[in-house]
Amino acid sequence: MDDTPGDRVTDDSGDVTDRVRQVIGRLGCSHREFARRIVMDPSKLSRSLGGTRRFTLAEIVRIADIGAVDTGWLLGAPARPAPAADRAPAAVPEGGRPLQIVRETVRLIAEHGFHAVRVADIAAACGTSTAAVHYHFPGRDELLEAAVRWCMDEDTERRAAGLAEAPDAHAELLHLIALQTPRTAQQRRQWLVWLDLWAQAARSTAVGRLHEHYYRQWRTTVAEVVRRGVDQGVFRAVDPEFTALRLTALIDGLATQVLATAPDSTGPDTMHTALLAFVTSELTPADRRPRPAPPRHPTPPKGSP
């Protein structure tokens with residue numbers, strides 16, 4: 001999502017960037033992992049550290065929270081103020097307050113829908129105040145963006161683990177299909193958040209850009225797997241981009257039916273079977289397709305000619 005100029009932190013001297021680098025160094029994690037912890041697009045973090053983009057105040061707040069440093073120090077105060085002697089530091093949940101807020105937001109959106117979830121509901125679920133939620137995520141769109149990013153990051157990690165173990169592109173594609181079939185509670189939560197993103201994207205240009213970014217990322221992943229399969233000879237010579245368009249559209253439509261609560265709605269097994277049938281009919285070369293079993297003829301009775 002685009003940041004308004006008024007939300008950005010002035011850093012002409014580069015002091016803010018230097019101190020953010022110090023925080024990352026003390027945590028001992030990669031830039032991508034740090035971006036995941038503060039619920040920030042890795043490309044935005046990279047551009048901010050490189051000087052081509054300024055951090056927003058909300059991002060600085062989240063960085064201070066994860067790094068256990070004072071916000072004023074990050075913004076250029078000459079020294080970190082010492083904590084008051086009579087005040088114990090507040091307990092920070094595992095993963096930090098921002099991740100707690102995001103995880104509870106994902107759960108509540110999945111259970112009630114984005115527009116039915118109030119900031120007060122999120123604060124109550126986190127055992128904190130609405131001011132604390134706004135401190136990290138000033139607006140509802142920013143909360144939705146963070147929730148979607150968290151779901152996508154979780155999905156990307158599972159996706160990468162499976163792709164690394166797959167022997168060929170055919171197995172990679174089956175792994176992606178399995179991940180997108182909403183069987184587990186976590187998969188259903190992620191799909192429900194994604195459906196809310198669709199609805200919001202139809203009415204908000206900013207959320208629409210977020211949707212377009214992640215959807216392009218997902219479809220590119222599928223297209224790359226198809227392209228590798230063609231090169232390996234496990235798929236027919238098809239257009240990877242057009243095939244990815246068709247397959248992701250089929251996944252979307254079937255998942256929407258699976259998520260319907262009607263007793264006779266499409267189930268995950270039916271969805272998975274239909275997607276495998278698409279792979280077989282549209283991608284698998286004829287000589288690699290499973291051969292149908294020969295027809296079984298009844299055994300003639302004894303004594304018959």
Side-chain angles (χ1 to χ4, degrees), residues 1-77 80 92-103 105-106 132-161 190 193 197 206-218 220-221:
M1 247 175 240
D2 289 349
D3 309 310
T4 57
D7 291 332
R8 299 183 184 181
V9 173
T10 301
D11 188 27
D12 295 336
S13 63
D15 289 343
V16 174
T17 300
D18 288 343
R19 295 186 182 195
V20 172
R21 289 183 183 277
Q22 290 179 43
V23 170
I24 298 173
R26 282 199 293 266
L27 290 175
C29 61
S30 67
H31 286 185
R32 176 168 288 278
E33 172 59 19
F34 185 74
R36 188 189 72 82
R37 293 187 189 184
I38 63 172
V39 201
M40 182 180 180
D41 187 330
S43 65
K44 286 185 178 181
L45 176 63
S46 178
R47 286 186 282 121
S48 297
L49 293 174
T52 59
R53 176 187 179 275
R54 293 177 179 175
F55 287 103
T56 67
L57 183 57
E59 290 163 356
I60 289 295
V61 167
R62 297 202 293 271
I63 290 169
D65 187 81
I66 291 297
V69 299
D70 185 77
T71 305
W73 175 78
L74 272 179
L75 293 174
R80 294 173 59 185
V92 178
E94 182 180 356
R97 181 70 75 188
L99 287 186
Q100 183 198 32
I101 292 172
V102 170
R103 284 194 290 261
T105 299
V106 168
V133 175
H134 286 304
Y135 187 63
H136 293 287
F137 302 98
R140 287 176 61 84
D141 280 356
E142 195 168 13
L143 270 170
L144 179 59
E145 177 183 4
V148 170
R149 178 171 292 115
W150 176 252
C151 288
M152 291 296 293
D153 286 348
E154 291 283 287
D155 188 52
T156 298
E157 288 184 9
R158 289 192 301 274
R159 195 187 300 166
Q190 290 183 339
V193 171
L197 178 68
V207 178
R209 284 194 290 266
L210 174 67
H211 169 269
E212 193 274 336
H213 167 75
Y214 280 117
Y215 208 89
R216 183 175 64 247
Q217 185 182 57
W218 159 236
T220 297
T221 297

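The figures that follow rest on heavy atoms only: side chains count, while hydrogens, waters and symmetry mates do not.
Evaluation of the side-chain hydrogen bond (donor to acceptor under 3.5 Å, both in side chains) rule for Ser48 yields Arg53 as partners, not counting sequence neighbours. For Tyr135, the side chain to side chain contact (heavy atoms under 4.5 Å, CB included) partners at least two apart in sequence or on another chain are Val61, Thr71. Remark: Asp15 engages Ser13 in a side-chain hydrogen bond (donor to acceptor under 3.5 Å, both in side chains) (not counting sequence neighbours). Every residue meeting the side chain to side chain contact (heavy atoms under 4.5 Å, CB included) condition with Ser30, not counting sequence neighbours, appears here in chain and number order: Arg32, Glu33. Judged as a side chain to side chain contact (heavy atoms under 4.5 Å, CB included), and not counting sequence neighbours, the contacts of His31 are Arg21, Ile24, Leu45, Leu49.
We find that Arg62 and Glu142 are joined by a salt bridge, their nearest charged nitrogen and carboxylate oxygen being less than 4.0 Å apart.
Note that NE2 of His136 is 10.5 Å distant from CG of Leu99, once rounded to the nearest 0.5 Å. We find the CZ-CE distance between Arg149 and Met40 to be 8.5 Å, quoted to the nearest 0.5 Å. One distance of note links CG of Leu74 with CD1 of Ile60; it measures 5.5 Å at 0.5 Å rounding.
Closest of all the heavy-atom pairs between Pro138 and His134 is O-ND1, 3.2 Å. Across Ala35 and Pro42, no two heavy atoms sit closer than the pair CB-CA, 3.8 Å. The nearest pair of heavy atoms linking Val102 to Ala147 is CG1-CA, 4.0 Å. The two atoms that bring Ile66 and Ile38 nearest to each other are CG1-CG2, 3.8 Å, heavy atoms only. Between Val133 and Ile101, the shortest heavy-atom contact is CA-CD1, 4.0 Å.
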Next item on the list: Determine, step by step, whether Tyr215 and Leu197 satisfy the side chain to side chain contact (heavy atoms under 4.5 Å, CB included) criterion, reporting the C-alpha distance in whole Å, the side-chain angles of both residues, the deciding distance to 0.1 Å, and the verdict.
Entry: CA-CA 11 Å; Tyr215 208 89; Leu197 178 68; over 6 Å; no

Next item on the list: Assess whether side chain to side chain contact (heavy atoms under 4.5 Å, CB included) is satisfied between Ile63 and Phe55, documenting all intermediate values.
Entry: CA-CA 10 Å; Ile63 290 169; Phe55 287 103; 3.8 Å; yes

Next item on the list: Report the C-alpha separation of His213 and Asp41 in whole Å, then their side-chain angles, then the decisive distance to 0.1 Å, and conclude whether the side chain to side chain contact (heavy atoms under 4.5 Å, CB included) test is met.
Entry: CA-CA 11 Å; His213 167 75; Asp41 187 330; 4.0 Å; yes

Notebook entry, point to check: Which is it for Val193 and Trp150 under the side chain to side chain contact (heavy atoms under 4.5 Å, CB included) test, yes or no, and what are the steps along the way?
Noted result: CA-CA 10 Å; Val193 171; Trp150 176 252; over 6 Å; no

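Between the side chains of Arg103 and Gln100, no donor-acceptor pair is found at a separation under 3.5 Å.
You'll find the side chain of Val69 reaches within 4.5 Å of the side chain of Val23, heavy atoms only.
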